There are 2 protein chains.
Amino acid sequence: MPTLRHTPTADTPAPASEGARAILAAAEALFASRGYDAVSMNEIAQTAGASKANIFHHFQSKKALYLEVLRSACSNDSAELLQELEHESGPIIERLQRFVAHHLDSLLRNERSARLIQREVRQSSDDQAKELAQQVFGDNFARLLALITAGQTQGELRADVEPALIAVLLLAGNIFFFDAHRVLRHLPGAGFATDPAGFNRMAMEILLHGIRPQHCPNPTDQS
Amino acid sequence: MPTLRHTPTADTPAPASEGARAILAAAEALFASRGYDAVSMNEIAQTAGASKANIFHHFQSKKALYLEVLRSACSNDSAELLQELEHESGPIIERLQRFVAHHLDSLLRNERSARLIQREVRQSSDDQAKELAQQVFGDNFARLLALITAGQTQGELRADVEPALIAVLLLAGNIFFFDAHRVLRHLPGAGFATDPAGFNRMAMEILLHGIRPQHCPNPTDQS
DNA sequence: GTCTATACACGGATAGAC
DNA sequence: GTCTATCCGTGTATAGAC
């Protein structure tokens with residue numbers, strides 16, 4: 001698969017001449033829900049209300065169209081979460097909590113693009129992963145790390161664990177929930193599978209008591 | 001996609017007449033690494049050293065072959081983990097720890113089958129998920145739940161959280177690591193991405209301090 | 001920019017000999 | 001059980017008119 005380097009200078013590299021945007025939207029929906037191979041150009045044309053040949057006029061090939069879809073999906077998903085992090089005040093733990101909740105919500109709301117990106121993450125062997133890490137996730141992950149390390153220096157979080165590990169555990173729960181909640185629903189005792197917010201609250205509660213510094217209610221001091 | 005109900009009575013429903021096993025093995029490798037659509041019957045035949053028509057002699061259709069592959073992959077993956085749980089003594093936390101470590105190890109070692117099953121979990125919308133939950137994951141998940149509840153009644157684990165939630169968090173870390181470690185490697189501060197065992201140890205350490213009841217080193221007792 | 005028509009290859013599946 | 005040969009649908013991509 002070709003490289004997906006994106007020139008970060010131009011805001012709109014291809015203005016997407018009206019009809020092309022319809023094609024892009026249709027392609028995104030179809031690719032995300034059924035994968036690359038399972039969807040045909042005929043189908044995309046039909047869904048977009050355009051002719052198959054017109055697609056090839058706007059995009060060099062099927063793969064080129066796919067990569068274009070990927071790029072737009074990535075930047076959308078990321079952009080939503082950027083603000084939540086920095087421009088806030090108050091305890092960092094609360095901010096983390098809100099971030100995680102927002103992240104899961106975003107996953108579930110933009111299910112299509114989320115799946116699309118996940119697919120790429122998983123099947124990207126070799127050095128494609130590096131590009132993904134640097135050009136797609138790098139910024140947001142770094143931001144999350146900064147928040148966590150701030151929490152550590154401020155004493156809100158344990159300082160004896162790698163911040164990246166905390167970040168990963170924070171995200172892992174969300175992504176697992178996103179992936180598996182349909183199956184989870186039918187497993188014994190996993191009623192929370194239908195309640196993302198509740199899951200988030202409880203998972204965070206568990207994680208926090210491992211993340212925070214020893215929070216011991218002093219038995220001698222019970223005023 | 002057709003139902004994947006498996007008669008649980010017969011141990012070897014179809015003895016897989018020698019050549020059929022080669023086909024099955026080749027199909028598993030190809031399906032797992034590239035997905036259902038991307039692999040052709042021609043390719044499977046070639047890899048297995050058989051003719052395309054011969055595949056259709058042993059399996060009704062491409063989809064039937066796929067389901068057969070799925071079934072075998074599932075039972076293999078599950079079977080490995082079954083023993084680890086019950087037939088042991090000692091603190092439950094330790095057993096959980098060993099289970100989680102073994103689980104991640106199993107994922108990484110059987111990458112192909114693991115991916116295959118994950119694919120099914122994610123794209124199974126509707127009631128296909130129910131079958132997966134009941135016929136593939138049900139047993140193992142129930143076992144894990146039993147272990148956790150035992151830990152709760154024994155006082156090793158906090159009793160005020162849903163056991164299923166603990167189970168999910170235990171698994172989520174592993175699966176996220178399995179999915180993302182290639183990308184993770186290239187993110188800042190995530191050096192543990194190349195060290196599954198280390199990741200397991202640290203993640204478990206974090207989780208435990210949230211899971212176990214308040215573990216407070218008594219400051220008055222320092223003999 | 002958008003269409004109709006078409007070339008060309010490949011994929012899944014079957015027939016029938018051995 | 002295994003093969004060769006073949007049918008038929010569909011998918012990507014192009015040519016060329018409007």
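All values below come from the heavy atoms of this structure, side chains included, with hydrogens, waters and symmetry mates left out. Computed from a prediction, not measured in an experiment: that's the story for all the values here.
- Rounded to whole Å, the distance from CG on B:Leu65 to P on C:dG11 is 16 Å.
- In this structure B:Asn200 satisfies the side chain to side chain donor-acceptor pair (under 3.5 Å) test with no other residue, sequence neighbours excluded.
- Whole-Å rounding puts the A:Ile55 CD1 to C:dC3 C1' distance at 13 Å.
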Could you pull out every donor-acceptor pair under 3.5 Å between side chains of residues 164-179 of chain A and any protein atom, sequence neighbours left out?
from	atom 1	to	atom 2	distance (Å)
A:Asn174	ND2	A:Val100	O	3.0
A:Asn174	ND2	A:His103	ND1	2.9
A:Asp179	OD1	A:Gln118	NE2	3.1
A:Asp179	OD2	A:Gln118	NE2	3.1
A:Asp179	OD2	B:Arg122	NH1	3.2

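- Side-chain N/O atoms of A:His58 include one lying less than 4.0 angstrom from OP1 or OP2 on C:dT2.
- Remark: A:Arg112 engages A:Glu28 in a salt bridge (charged side-chain N to carboxylate O under 4.0 Å, His left out) (not counting sequence neighbours).
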| task | Could you run through nucleotides 4-18 of chain D and give me one letter per nucleotide, 5' to 3': B if any protein heavy atom sits under 4.0 Å from the base, S if only the sugar-phosphate is that close, - if neither? | result | B------SBBBB---

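- Scanning for side chain to side chain donor-acceptor pair (under 3.5 Å) contacts around B:Gln97 gives an empty result, with sequence neighbours left out.
- Among residues at least two apart or in separate chains, salt bridge (charged side-chain N to carboxylate O under 4.0 Å, His left out) pairs with a member in residues 43-57 of chain A are A:Arg34-A:Glu43.
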